[in-house]
2 protein chains.
Amino acid sequence: MFREGEHAENVFEVTSGTIRVFKLLPDGRRQIIGFVEAGDFLGLSFNDTYLYTAEAVTTAAVRRFPRRRMETLIDENPIIRRRLLAVTANELLTAQEQMVLLGRKTAKEKLCTFLLSLSRKAARRGLCDTRVSMPMGRADIADYLGLTIETVSRTITCLKTAGLIRLLDGHKIELTDLDTIAEMAEAA
Amino acid sequence: MFREGEHAENVFEVTSGTIRVFKLLPDGRRQIIGFVEAGDFLGLSFNDTYLYTAEAVTTAAVRRFPRRRMETLIDENPIIRRRLLAVTANELLTAQEQMVLLGRKTAKEKLCTFLLSLSRKAARRGLCDTRVSMPMGRADIADYLGLTIETVSRTITCLKTAGLIRLLDGHKIELTDLDTIAEMAEAA
DNA sequence: CGGGGGGTTGATAACCTTCAAATGGGGTGG
DNA sequence: CCACCCCATTTGAAGGTTATCAACCCCCCG
């Protein structure tokens, strides 16, 4: 969709699918900032260039808005303005929680936090919160949680063995014991 | 100053000193979100409760604004509004860069990134960018970088031995080789 | 049937943490 | 003014969690 550093000409609204948003270090290490889904906005950088790269995880549909028009809209329409502030504030909150995760949580806690957030996201859209879709691959999860593919795989196996989750077909996962997962998300 | 979860009644502007902003896990692990200095704002949560705890690192002075008044001000004054958006966007950028640091950098890279950011902050306020003040203790640095006190101390010793920095009196530090520090901030 | 990508599993090692003790500097009280 | 104590920092040794390297499996697709 767009790359970090590119001139930011558009703002996007995702209408379906999942997008991954990430930053790269010069040697190729990648940190995924977040996964963006239907209803979320993308590229609200308040800046001339994009601050990160965005790529589709699944096939996805987006609506494109010229940035200029968006800005006048924001200045003129107090409702949109408030919504923008709310969205941004929420992003900030999410970012701060992710910092706690990256800086202070163990691999198991990271995975459980991630699963819990998938469940919450699903619930917010009125979907089942115990059978959620997990369209991104192990590499994406690893780069989101600050782990390696192998550690993600091992930890998932561990949770599976513990009877907390079950892997289903079609990139779906069943959260058998959401309460325990929630507990394990914050403390061993 | 205030604690995470408290009812957010005020917004603060720091006029002098350094404040640490952090979140806690139930078992006491701490992640410092950032250090706030003179000129920065604090508690712009767009939310009814504070999202983090703020404590003084050094003796500090702040100006307090009732949140309600702040909000009407924002709605009525387009200049303040733009500034608020800019500040928030900048916070978001910082947060995202911190995620890269926490998730994907080594201890040495983390320390160098931290020192570099101190230098940049100092430069922005017109101060010398090679002799900067570092008022926070090792514990604060550790909780900011997702490390332990000991690792921070060892890594600092290592940088000192390598001739990149010198510790001075009064919580000051000299960055002898800013270029090398900048290189080491992103790749070993 | 062969190839390839994603995922899992295993063995080993590195980095960082943990636990422990020593060092040093600043402030207080004698 | 000096001794002592407290706390922050440094240093040391051992251990653990996670990374790295490597092999293997599985399924889909050509």
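Protein chains get the first letters and strands the later ones, always in sequence-line order, with residue 1 at the start of each. Keep in mind that the numbers below use all heavy atoms, side chains included, and drop hydrogens, waters and symmetry copies.
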Euclidean distance, atom [atom1] of residue [X] to atom [atom2] of [N] [Å, nearest integer]:
| X | N | atom1 | atom2 | value |
| --- | --- | --- | --- | --- |
| B:Asp27 | C:dT17 | CG | P | 15 Å |
| A:Asp140 | C:dG7 | CG | C1' | 14 Å |
| A:Leu111 | C:dT8 | CG | P | 11 Å |
| B:Leu167 | C:dG24 | CG | C1' | 13 Å |
| B:Arg29 | C:dT18 | CZ | C1' | 14 Å |
| B:Leu102 | C:dC16 | CG | P | 13 Å |
| B:Asp169 | C:dG25 | CG | C1' | 10 Å |
| B:Glu150 | C:dC19 | CD | P | 10 Å |

Please state whether the phosphate of [N], meaning OP1 or OP2, lies under 4.0 angstrom from any side-chain nitrogen or oxygen of [X].
| X | N | result |
| --- | --- | --- |
| A:Thr151 | D:dT18 | no |
| B:Thr157 | D:dT10 | no |
| A:Thr148 | D:dT20 | no |

*What is the nucleic acid contact for A:Ile141, judged by heavy atoms within less than 4.0 Å: base, sugar-phosphate only, or nothing?*
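No contact.
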
*Using a heavy-atom cut-off of under 4.0 Å over every strand shown, decide if A:Leu147 touches base, sugar-phosphate, or nothing.*
sugar-phosphate

*asked:* Let me spell it out: for each of B:Ala139 and B:Arg154, pick the nucleotide of DNA chain D with the closest heavy atom. Which residue's pick is nearer the 5' end?
replied: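 Upstream on the strand: B:Ala139.
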
*asked:* Checking the side chain of A:Thr53 only, and the main-chain atoms of A:Glu4 only, is there a donor and an acceptor separated by less than 3.5 Å?
replied: yes

*asked:* Using the side-chain heavy atoms of B:Ala107, tell me which of these nucleotides is nearest: C:dT9, C:dC16, D:dT18.
replied: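 Between C:dT9, C:dC16, D:dT18, the one nearest the side chain of B:Ala107 would be C:dC16.
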
_Of the options D:dT9, D:dT18, C:dC16, whose atoms approach the side-chain atoms of B:Arg138 most closely?_
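Between D:dT9, D:dT18, C:dC16, the one nearest the side chain of B:Arg138 would be D:dT9.
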
_Within 6.0 Å of NZ in B:Lys108, more than 12 heavy atoms from elsewhere_ =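 Atom NZ in B:Lys108 is not crowded, with 12 or fewer foreign heavy atoms closer than 6.0 Å.
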
_Along DNA chain C (nearest heavy atom to each residue), the more 5'-positioned of A:Met136 and A:Arg104_ =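 Checking each residue's closest nucleotide, the 5'-ward one belongs to A:Met136.
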
*Quick one: does B:Ile149's side chain get under 4.5 Å of B:Asp143's, heavy atoms only?*
no

*asked:* Run the side chain to side chain contact (heavy atoms under 4.5 Å, CB included) test on A:Thr180 and A:Met184 for me, step by step, so that the C-alpha distance in whole Å, both residues' side-chain angles and the decisive distance to 0.1 Å come before the verdict.
replied: CA-CA 6 Å; A:Thr180 305; A:Met184 290 184 39; 4.1 Å; yes

*side chain to side chain contact (heavy atoms under 4.5 Å, CB included) between B:Leu115 and B:Leu159: does it pass, once the steps are laid out?*
CA-CA 11 Å; B:Leu115 293 174; B:Leu159 295 177; 3.9 Å; yes

